[in-house]
2 protein chains.
Amino acid sequence: MEQTSHKARRQREIETQREAILEATRQLARQNGWPKVSIRKIADIVQYTPPLIYEHFKNKEALLIELEAVGFGKLRRTLDEARQRSGDPVLQLVALAEAYWEWAFAHAELYQVMFNLEGVQATSPRETALREAGPAVTETLRQLVLFSGPLDELFFNWWAMCHGHVCLIMSGHLQGHRSAIRQALLSGTERFAQGLR
Amino acid sequence: MEQTSHKARRQREIETQREAILEATRQLARQNGWPKVSIRKIADIVQYTPPLIYEHFKNKEALLIELEAVGFGKLRRTLDEARQRSGDPVLQLVALAEAYWEWAFAHAELYQVMFNLEGVQATSPRETALREAGPAVTETLRQLVLFSGPLDELFFNWWAMCHGHVCLIMSGHLQGHRSAIRQALLSGTERFAQGLR
DNA sequence: AAATTTGCATAACACCGTTAAGATTCCTGA
DNA sequence: TCAGGAATCTTAACGGTGTTATGCAAATTT
């Protein structure tokens with residue numbers, strides 16, 4: 001049946017369009033920041049007219065939510081990898097913070113859409129999205145804490161430390177102190193981990 | 001000279017208009033979130049037409065920057081007060097974190113414009129704005145650290161802890177865990193302070 | 001070959017930030 | 001007192017935005 005292959009080919013074309021839209025969106029956000037990202041400009045880049053975007057995404061927010069999920073997935077994998085580069089839990093936790101920091105700035109446009117920073121606004125149910133990146137961290141924390149400590153609290157602490165330092169730079173505050181803040185995050189995380197032994 | 005009193009009266013009217021604009025902006029942001037704040041709606045509330053806004057502010061961003069400054073001023077005063085409610089530096093640092101948390105949610109619309117959260121985007125020189133709220137915290141930290149420790153780093157750590165926890169809630173992540181995150185911030189700050197003795 | 005579905009574009013709507021031009025009121029000075 | 005001008009505000013417009021109804025042409029099915 002070549003009908004099937006036609007349909008399959010068409011299906012791949014659609015998927016290609018979808019990927020192109022997502023990639024164009026990220027490109028625009030990287031180049032000019034999220035506030036200047038518009039459906040019309042995205043359509044321009046992918047060489048179609050605006051209504052085509054709406055065949056792939058219900059609206060602009062749905063596009064952002066998709067990228068948010070992409071971001072959390074990528075971040076999760078990055079953290080999983082980082083955890084496996086050392087055995088000592090203290091070093092692990094610091095390595096996780098370092099990986100978090102590097103990832104955030106290497107994929108700033110994703111990070112911004114994940115946390116509604118710098119002009120992004122998407123109101124989605126994100127409850128699960130954040131937790132998804134947690135297991136690697138939580139497992140490392142577990143090795144640091146005797147008995148069953150308040151793992152949730154400690155996880156929030158670690159996350160807030162990382163996110164907080166990243167945000168201070170991304171929001172434009174302390175622009176000139178990027179490496180100093182990076183150092184503060186790393187040494188702060190180490191002290192945090194040491195204190196849990 | 002009643003010319004002078006005329007001018008003075010007029011001056012006060014202008015100031016009143018300006019205040020009304022700022023207040024209307026905050027009101028709209030509180031009610032519907034920043035993305036739905038528009039010059040036209042602000043003009044509606046203050047019972048004038050849009051161009052009048054531009055007699056008081058160069059553009060929309062200038063309005064936001066003004067509110068950003070208002071926010072940092074208020075936050076600074078709040079922290080100064082909180083610091084004076086206890087003598088013990090550990091308790092002080094925790095009280096500062098608590099005051100920070102409470103203030104952020106009591107003035108969420110200001111907090112969002114201060115840090116470009118939830119759809120706000122203002123590109124301003126903020127270097128000084130953040131530091132302005134620092135002295136109270138730094139002074140408390142000084143009492144905790146022997147000799148001259150890396151006060152800058154510790155200040156960034158404290159700030160990032162507070163800001164990070166606040167952000168996790170404000171961005172919609174962990175929506176249901178507000179009081180748990182609050183508790184995490186407070187106990188995390190206490191552990192942080194204890195570790196500096 | 002006719003009918004229908006697919007795949008896209010054109011064109012429109014309401015809203016946005018911003019500004020140029022006009023109208024009206026008020027004050028000034030002769 | 002009254003013309004002239006400044007102060008004060010509005011109307012109207014421009015280009016941009018997200019989104020959707022309509023239309024058209026090609027491809028597919030019957």
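The sequence lines fix the lettering, A, B, ..., with proteins before strands; numbering per chain opens at 1.
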Problem - Pairwise side-chain contact, A:Trp101 with A:Leu186, heavy-atom cut-off 4.5 Å (strictly under) - result: no
Practice task
Could I get the full list of side chain to side chain contact (heavy atoms under 4.5 Å, CB included) partners for B:Gln183, not counting sequence neighbours?
Solution key: A:Glu153, B:Ser187
Practice task
Select base, sugar-phosphate, or nothing to describe what A:Glu13 touches, counting heavy atoms under 4.0 Å on all strands.
Solution key: nothing
Practice task
Starting from P on D:dT10, measure out to CD1 on B:Ile53 and report it in whole angstrom.
Solution key: 10 Å
Fill in the blank from the handout: For residues 83-93 of chain B, the salt bridge (charged side-chain N to carboxylate O under 4.0 Å, His left out) pairs (sequence neighbours left out) are B:Asp88-B:Arg197
Handout entry: Rounded distance (Å) that lies between atom P of C:dT19 and atom CD of B:Glu55
Key = 12 Å
Exercise for the section: Kindly write out the residues that satisfy side chain to side chain contact (heavy atoms under 4.5 Å, CB included) with B:Ala95, not counting sequence neighbours, or none if the list is empty. Expected result: none
Exercise for the section: Under the side chain to side chain contact (heavy atoms under 4.5 Å, CB included) rule, collect the residues that match up with B:Glu81, sequence neighbours excluded. Expected result: none
Dump every N/O contact between nucleotides 22-25 of chain D and the protein below 3.5 Å, one line per pair.
none

Exercise for the section: Measure the angle between the two terminal helix axes of the helix from C:dA1-D:dT30 to C:dA30-D:dT1, five base pairs each, and quote it to 10°. Expected result: 20°
Practice task
Mind listing the residues from residues 19-27 of chain B sitting with a heavy atom below 4.0 Å of DNA chain D? Number order is fine.
Solution key: none
Handout entry: Qualifying salt bridge (charged side-chain N to carboxylate O under 4.0 Å, His left out) pairs, either residue in residues 167-183 of chain A, two or more places apart
Key = A:Glu98-A:Arg182, A:Glu102-A:Arg182
Handout entry: Whether B:Trp103 and B:His107 hold their rings parallel, tilted or perpendicular, with breakpoints at 30° and 60°
Key = parallel
Exercise for the section: Rounded off to whole Å, could you give me the NZ-to-C1' distance for the A:Lys60 and C:dC15 pair? Expected result: 14 Å
Problem - Sequence neighbours excluded, every pair satisfying salt bridge (charged side-chain N to carboxylate O under 4.0 Å, His left out) that has a member inside residues 21-39 of chain B - result: B:Glu23-B:Arg30, B:Arg26-B:Glu109, B:Arg30-B:Glu109
Practice task
For residues A:Leu174 and B:Phe156, determine if any side-chain heavy atom of one lies less than 4.5 Å from a side-chain heavy atom of the other.
Solution key: yes
Problem - Salt-bridge present (A:Glu15, A:Arg12; N to O < 4.0 Å) - result: no
Fill in the blank from the handout: ring-ring contact (aromatic ring centres under 6.0 Å, His included) pairs touching residues 28-62 of chain A, sequence neighbours excluded, are none
Practice task
Go through residues 30-52 of chain A and report each residue with a non-hydrogen atom lying under 4.0 Å from DNA chain D, sorted by number.
Solution key: A:Val37, A:Ser38, A:Ile39, A:Arg40, A:Lys41, A:Pro50, A:Pro51
Exercise for the section: Can you tell me the distance, in whole Å, between the CZ atom of A:Arg10 and the P atom of D:dT28? Expected result: 10 Å
Practice task
Indicate if B:Leu91 and B:Leu154 have the same hydrophobic cluster label, given that clusters are the connected sets of ILVMFWY residues with side-chain heavy-atom separations under 4.5 angstrom.
Solution key: no
Exercise for the section: List in chain and number order the residues that pass side chain to side chain contact (heavy atoms under 4.5 Å, CB included) with A:Asp44, two or more places apart in sequence or in another chain; answer none if no residue qualifies. Expected result: none
